[in-house]
Amino acid sequence: MSVDLLPPATKEIKERVRNQFGLNEQSIREAVQMLRDWLELQPHLPHEPDNERLERWIIRCKNSLERAKKSIDLYFTMKSVTPDLMSNWDTTAQWFKNATSVWYVFPLPELNENDERIVCYGLQNGDPSLYNMDDFFRFTLMTAEIRLCEEYCSSDIYIVDFGKVTLAHVPKFSLPALRKYEVCAMGGFSVRIKTIYIINAAPHVEVVIAMLKTVFKSKIAARIQVYGNDLTSFYDKIPRKILPQELGGEAGTVAELTGRWTQKLESYQKWFLEREHLKSDETKRPSGATVTSDLFGFEGSFRKLTLD
């Protein structure tokens, strides 16, 4: 199959998504310029050279410039304070080769009728000894980075397949690591989650689901829907034709879709490495350096950057 996993958005899709948030071509240009002017005044932040990325931040923040500023600040800050997740995005590195053989993370090419993007997550290899949570999170954030460059959608729907998660995997899930990832994804990338479908969930993963509900804000936790092996009612929510074959669909195998998405990630190799230096300089932050405990759930002024 040669279909792009992120085909360019049509003019109609762009108009529909923009209209949801009261935006048009003129207001987008004005908002992007305001963000660019604001960045020029931030001594601790680098310049974001890509106007289209700034536009997507505006859309993800529902046309709120203040929220977009906070999200952009947090994005560059997380690149400084969580290098284990937000750096070394080297597609030639061994960790990346391992990650793309153990997990799958890919968006599906078709938006649904509400212009929402469906993203699939799961294990390809169920060997618990190969599971490294930080590498998985780094892999997914690389995917989020590309989507910020190319994506045009109203919000996200996640399908998380726990079918190969064994009892031996459960101790490898860490609440602090989940929290750190949540700040990167929900705050820095300002992802907008419509629904999280967890499928093929055996009883032993209930503790993992409880962790997820603890990490997410209550309104996101309430959007988690859990299914066991009987996916009959799940297929009422997601058209089978757009799903991978392993999930009962017709959109190719997980291996095929993973291979195509891996090639997409590899095509960004130079771009990833060129942007390694684009991160906050906490010594120049007007309010003083960020304390990491402030970011990850303890008291501190930087908690103001946590977004809805």
Side-chain angles (χ1 to χ4, degrees), residues 1-10 12-13 16-17 99-126 131 136-137 139-144 146-148 150-166 169 185 189 191-206 208-209 212 216 220-265:
M1 295 182 297
S2 60
V3 177
D4 189 348
L5 283 173
L6 280 180
T10 64
E12 290 73 22
I13 289 174
R16 288 198 302 267
V17 171
T100 53
S101 65
V102 174
W103 299 280
Y104 65 83
V105 178
F106 49 75
L108 296 176
E110 288 189 48
L111 297 177
N112 69 8
E113 66 277 8
N114 297 316
D115 295 318
E116 296 158 341
R117 179 71 68 192
I118 298 169
V119 185
C120 295
Y121 300 81
L123 279 169
Q124 295 188 84
N125 188 323
Y131 191 92
F136 170 66
F137 288 155
F139 176 30
T140 62
L141 290 171
M142 291 169 73
T143 297
I146 291 179
R147 295 186 62 218
L148 188 61
E150 299 188 20
E151 181 67 278
Y152 227 99
C153 67
S154 62
S155 58
D156 291 355
I157 293 174
Y158 298 148
I159 300 174
V160 185
D161 182 7
F162 274 12
K164 292 186 178 179
V165 176
T166 68
H169 285 95
F189 286 96
V191 298
R192 301 187 62 241
I193 300 176
K194 178 70 174 293
T195 312
I196 300 174
Y197 296 110
I198 295 176
I199 63 174
N200 297 316
H204 61 260
V205 302
E206 290 179 2
V208 177
I209 296 171
L212 291 172
F216 286 123
I220 301 298
R223 296 172 186 173
I224 297 175
Q225 300 184 26
V226 182
Y227 298 84
N229 293 327
D230 183 357
L231 301 180
T232 305
S233 57
F234 167 71
Y235 293 134
D236 293 335
K237 311 287 181 62
I238 304 293
R240 294 180 69 146
K241 68 175 184 176
I242 69 173
L243 292 170
Q245 291 177 16
E246 289 84 346
L247 303 187
E250 305 169 12
T253 66
V254 164
E256 290 169 340
L257 294 165
T258 298
R260 287 160 54 200
W261 188 251
T262 300
Q263 289 177 351
K264 173 76 110 175
L265 289 164

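What's counted below: heavy atoms across the whole structure, side chains too, no hydrogens, waters or symmetry copies.
Nearest heavy-atom pair across Ala9 and Tyr152 is CB-CB, 3.5 Å. Between Val226 and Ala201, the shortest heavy-atom contact is CG1-CB, 3.7 Å. A pairwise comparison of heavy atoms in Gly126 and Thr166 identifies O-CG2, 4.3 Å as the closest pair. Closest of all the heavy-atom pairs between Ala221 and Phe216 is N-CB, 4.0 Å. Between Pro244 and Val254, the closest heavy-atom pair is CB-CG2, 4.0 Å.
Between the CD1 atom in Ile159 and the CD1 atom in Ile118 there is a gap of 5.5 Å [rounded to 0.5 Å]. For the atom pair Thr195 OG1 and Ile224 CD1, the distance stands at 10.5 Å (nearest 0.5 Å). Within the model, atoms OG of Ser101 and CG of Asn125 stand 7.0 Å from one another, a figure rounded to the nearest 0.5 Å. Interatomic distance, Cys120 SG to Ile199 CD1, rounded to the nearest 0.5 Å: 7.5 Å. To the nearest 0.5 Å, the span separating CG on Leu265 from CZ on Arg260 amounts to 13.0 Å. For the atom pair CG of Leu111 and CD1 of Ile13, the computed distance is 5.0 Å after rounding to the nearest 0.5 Å.
Test Val102, Thr100, Thr258 against Gln124 for side-chain contact (heavy atoms from CB on, under 4.5 Å) and you get one pass: Thr258.
The closest side-chain heavy-atom distance from Thr140 to Trp103 is not below 4.5 Å. The closest side-chain heavy-atom distance from Ile196 to Arg223 is not below 4.5 Å. Between Leu6 and Pro107 the shortest side-chain heavy-atom distance falls below 4.5 Å. Inter-residue side-chain proximity for Tyr158 and Val191 is flagged as met; some heavy-atom pair is nearer than 4.5 Å. Using a 4.5 Å heavy-atom threshold, the side chains of Phe234 and Asn200 count as separate.
Between the side chain of Arg240 and the backbone N or O of Gly248 there is at least one donor-acceptor pair closer than 3.5 Å. Here the side chain of Ser154 pairs a donor or acceptor atom with the backbone of Asp115 at under 3.5 angstrom. No donor-acceptor pair closer than 3.5 Å links the side chain of His204 to the backbone N or O of His169. When atom types are taken as modelled, the side chain of Gln225 and the backbone of Tyr197 share no donor-acceptor pair closer than 3.5 angstrom. Judged by distance alone, the side chain of Glu256 and the main-chain N or O of Thr253 form a donor-acceptor pair under 3.5 Å.
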| Is there a side-chain contact (heavy atoms from CB on, under 4.5 Å) between Arg147 and Cys153 once you walk through the steps? | CA-CA 10 Å; Arg147 295 186 62 218; Cys153 67; 3.9 Å; yes
| Which is it for Ile146 and Trp261 under the side-chain contact (heavy atoms from CB on, under 4.5 Å) test, yes or no, and what are the steps along the way? | CA-CA 10 Å; Ile146 291 179; Trp261 188 251; 3.9 Å; yes
| field | Stepwise side-chain contact (heavy atoms from CB on, under 4.5 Å) test for Val208 and Phe162 | value | CA-CA 10 Å; Val208 177; Phe162 274 12; 4.1 Å; yes
| message | As a quick check of understanding, evaluate side-chain contact (heavy atoms from CB on, under 4.5 Å) for Phe136 and Tyr121, giving each step before the final call. | response | CA-CA 10 Å; Phe136 170 66; Tyr121 300 81; 4.0 Å; yes
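Using a cutoff of 4.0 Å between basic side-chain nitrogens and carboxylate oxygens, Arg117 and Glu151 are scored as salt-bridged. Salt-bridge annotation for Lys164 and Glu246: absent, with no side-chain N of the basic residue lying under 4.0 Å from a carboxylate O of the acidic one. Ion pairing of Glu250 with Lys241 is absent here, as no side-chain N (NZ or NE/NH1/NH2) approaches a carboxylate O to less than 4.0 Å.
Ring-centre distance between Tyr104 and Phe106: below the 6.0 Å cut-off.
Considering only residues two or more places apart in sequence or on other chains, Thr232 meets the side-chain contact (heavy atoms from CB on, under 4.5 Å) condition with Asp230.
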